[in-house]
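Heads up, the thing below is written out as structure tokens.
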Number of protein chains: 2
Amino acid sequence: MIETFAALSDPNRLRIVSLLREGPQPVGTIAERLSLNQPQASKHLIVLKKARLVEVEARAQQRLYRLDPAGLMAVHEWLEPYRRLWDARFTQMDEVIAQMVREETQDRKE
Amino acid sequence: MIETFAALSDPNRLRIVSLLREGPQPVGTIAERLSLNQPQASKHLIVLKKARLVEVEARAQQRLYRLDPAGLMAVHEWLEPYRRLWDARFTQMDEVIAQMVREETQDRKE
DNA sequence: CAGGAATATTCTTTCATTGGAATATACAAG
DNA sequence: CTTGTATATTCCAATGAAAGAATATTCCTG
């Protein structure tokens, strides 16, 4: 998880991830569109790959990078226990549970 | 966004955020429970506060830190454009759209 | 198998981050 | 207004990440 967040905490890597929403791209295109030197692009992509945020497909001497759901899903799942902090659905659920507790308490008195 | 991910890319800060799921805690307790020196705990908490991942309430000489929904919600929203990569609901929606496109094409032929 | 194209790796320098130790600040109690 | 408690701040050393330049690797083409 730390590796994932670390990968996402660099401006250029965040731009790469965002760019790849358009679809798979070779390293050269990524470098060009983001005004990066080719070695920097390669290095950033490798960091993203280790974090499972991108995956790569070899096409001849090209490397086609695309988004990898695994890393992004990991972020989603990490967020899960915190979702109740802002998600209205959990507030409703909490109320339902509170009501059940009240009813349970009521049962005991009877 | 980068500040948020950077804040979450440190092991001890991640442990602090996780610990605060139990509820608000003063700095001393956080430091003790995570075996951190008090200054380190303070420093990490300040980083988390700048990223709006925690908020603080002063109670006498104590500082009560709690989770701040803002930073976590920011992560949730950043994730939004990527959700279709793994969320089955988007797959269904994509199918519905594909069907609509097919029907539209059909209309043109008639 | 020589040449060229696309990408990866290595090396170096620079800059930011982390932890530890010491110290400073804020506040409550007496 | 002094003391004790809780937290923040500063300084320093060590570690790690990022960019740039140069070079190496891989693979297609002829």
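Source: prediction; values computed, not measured. Sequence lines set the chain letters: A, B, ... in the order given, protein chains first and strands last, and positions in each chain run from 1.
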**Asked** Can any side-chain N or O of Ser9(A) pair as donor or acceptor with the backbone N or O of Ala6(A) at less than 3.5 Å?
**Response** yes

**Prompt:** Which atom pair, heavy atoms only, marks the closest approach of Val56(A) to Arg63(A)?
**Reply:** CG2-CB, 3.8 Å

**Request:** Taking Asp10(A) for its side chain and Arg13(A) for its backbone only, find out whether a donor-acceptor pair lies under 3.5 Å.
**Result:** yes

**Message:** Which heavy atom of Leu19(B) sits nearest to which heavy atom of Ile30(B), and what is that distance?
**Reply:** CD2-CA, 4.1 Å

**Message:** To check you understand the geometry: which heavy-atom pair defines the closest contact between Leu8(B) and Phe5(A), and what is its length?
**Reply:** O-CD1, 3.5 Å

**Asked** Does Arg33(B) pair with Glu22(B) as a salt bridge, N-O distance under 4.0 Å?
**Response** yes

**Request:** Go along nucleotides 2-18 of chain D 5' to 3' and tag each nucleotide: B for a protein heavy atom under 4.0 Å from its base, S when only backbone or sugar atoms are that close, - otherwise.
**Result:** ---BSBBBB-------S

**Request:** Please give the angle, rounded to 10 degrees, between the axes at the start and the end of the helix from dC1(C)-dG30(D) to dG30(C)-dC1(D), where five pairs define each axis.
**Result:** 20°

**Asked** With a 4.0 Å cut-off, would you call Glu55(A) and Lys49(A) a salt bridge?
**Response** no

**Item:** Under 3.5 Å: donor-acceptor pair, side chain of Arg15(A), backbone of Leu34(A)
**Value:** yes

**Test item: Asn37(B) side-chain N/O and Pro39(B) main-chain N/O as donor-acceptor pair under 3.5 Å** = no

**Item:** Interface limits on DNA chain C, where chain B has a heavy atom under 4.0 Å of a nucleotide atom
**Value:** dT18(C) to dA28(C)

